[in-house]
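Just below is one structure, and these are the notes that go with it.
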Amino acid sequence: MRNRLSAFVLSATLATTAVAATPPTAHATTTAPPAVATRPATAAATLATRATTAGATSAGRIAVTTTARPKLIRTKIYFGRCKDTCRIKVRIRNVSRERLHDVTLNARLEINNRKAGSCYDYVGGIRPRATRWAGCTVRSSTLAKLWNRWLDGEIRWDREARTVVAYEYYA
């Protein structure tokens, strides 16, 4: 009985990692806001999931549900000069006790709800409870055309930036 149970738990664990399609790494890659948790399920979560979905599985497949990871950062967006080129500055604050690695910023600029361009910046690592600044400049022909139309009085100049900050941490 014990050997059959051990083999079943081992096969369930292997099937879970195959279904989840996550690489077996020891760290997590998170994008703020996190859409999907990228860490493999733990053995306890696997057993709990297997127990609740034992009747709903077919052909040895096990459904794994994981909750979203908590956000470890807080961001605030600032604008610099924003005319025919636009400077976007973002304050990134690490609110966790973990050191964040490979922090990157992607920013998308919209003028009057129309995409005017995008830019990115590599920040590096952020110590626990520390703050780093990231910034990038949007330069595009669409932004230049929109600026010329604003100078001619044809359109409004309602700017908006959407940012995504991606980071890795080792728990």
Side-chain angles (χ1 to χ4, degrees), residues 16-42 44-46 49 63-171:
T16 303
T17 56
V19 169
T22 57
T25 58
H27 70 280
T29 303
T30 307
T31 303
V36 177
T38 59
R39 296 180 68 182
T42 61
T46 303
T49 305
V64 176
T65 58
T66 58
T67 58
R69 291 280 174 207
K71 298 183 187 91
L72 303 181
I73 61 169
R74 302 292 181 265
T75 59
K76 182 152 175 56
I77 302 171
Y78 297 90
F79 283 96
R81 175 186 185 271
C82 194
K83 295 182 179 181
D84 57 343
T85 63
C86 195
R87 180 80 177 152
I88 300 172
K89 297 180 281 188
V90 179
R91 184 186 70 200
I92 304 170
R93 197 173 46 156
N94 183 2
V95 295
S96 71
R97 296 179 184 171
E98 305 288 336
R99 182 175 175 85
L100 304 180
H101 304 277
D102 294 330
V103 180
T104 57
L105 165 75
N106 285 319
R108 174 183 168 150
L109 177 68
E110 292 182 355
I111 305 294
N112 301 334
N113 294 327
R114 180 178 174 189
K115 183 179 176 183
S118 61
C119 60
Y120 67 94
D121 187 22
Y122 177 78
V123 179
I126 304 177
R127 293 189 334 259
R129 311 285 186 198
T131 301
R132 293 282 303 265
W133 284 84
C136 57
T137 303
V138 177
R139 303 173 197 90
S140 68
S141 61
T142 304
L143 182 60
K145 290 174 190 173
L146 289 170
W147 177 249
N148 288 335
R149 288 182 61 198
W150 181 81
L151 288 175
D152 294 339
E154 297 176 12
I155 62 171
R156 295 186 325 267
W157 191 255
D158 297 330
R159 62 187 182 203
E160 183 178 354
R162 301 177 194 272
T163 61
V164 175
V165 178
Y167 54 88
E168 294 182 356
Y169 68 99
Y170 298 86

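Annotation for Ile155 and Trp150: closest pair O-CD1, 3.3 Å, computed over non-hydrogen atoms. Nearest heavy-atom pair, Ala134 versus Val123, reported as atom, atom and distance to 0.1 Å: CB-CG2, 3.5 Å. The shortest non-hydrogen separation linking Asn94 to Pro128 is ND2-CA, 3.6 Å.
Expressed to the nearest 0.5 Å, how far CG of Leu146 lies from CD1 of Ile111 amounts to 6.5 Å. Rounding to the nearest 0.5 Å places OG1 of Thr163 at 8.5 Å from CD1 of Ile88. For the atom pair Ile92 CD1 and Lys76 NZ, the distance stands at 14.0 Å (nearest 0.5 Å). To the nearest 0.5 Å, the span separating OH on Tyr169 from CZ on Arg97 amounts to 15.0 Å. Of the inter-residue distances, the one linking Tyr167 atom OH with Leu72 atom CG reads 4.0 Å to the nearest 0.5 angstrom. Atom-to-atom distance recorded for Ile126:CD1 and Ser96:OG is 9.0 Å, nearest 0.5 angstrom.
Between His101 and Tyr170, the ring planes are perpendicular. Angles over 60° get that label, and only those under 30° would be called parallel.
Applying the salt bridge (Lys or Arg N to Asp or Glu O under 4.0 Å) test to residues at least two apart or on different chains, the pairs with a partner in residues 143-161 are Arg149-Glu154, Arg156-Asp158, Glu160-Arg162. Within the structure, disulfide (SG to SG under 2.5 Å) contacts touching residues 82-117 (residues at least two apart or in different chains) are Cys82-Cys86. The salt bridge (Lys or Arg N to Asp or Glu O under 4.0 Å) analysis of residues 112-141, with sequence neighbours excluded, yields no pairs. Within the structure, disulfide (SG to SG under 2.5 Å) pairs that include any residue of residues 112-171 comprise Cys119-Cys136 (at least two apart or interchain).
Inter-residue side-chain proximity for Asp102 and Tyr122 is flagged as met; some heavy-atom pair is nearer than 4.5 Å.
Looking at residues two or more places apart in sequence or on another chain, you find no ring-ring contact (aromatic ring centres under 6.0 Å, His included) involving Phe79. Partners of Asp84 according to the side-chain contact (heavy atoms from CB on, under 4.5 Å) rule, which considers only residues two or more places apart in sequence or in another chain, are Arg81, Trp147.
Side-chain atoms of Arg93 and Thr131 include no donor-acceptor pair closer than 3.5 Å.
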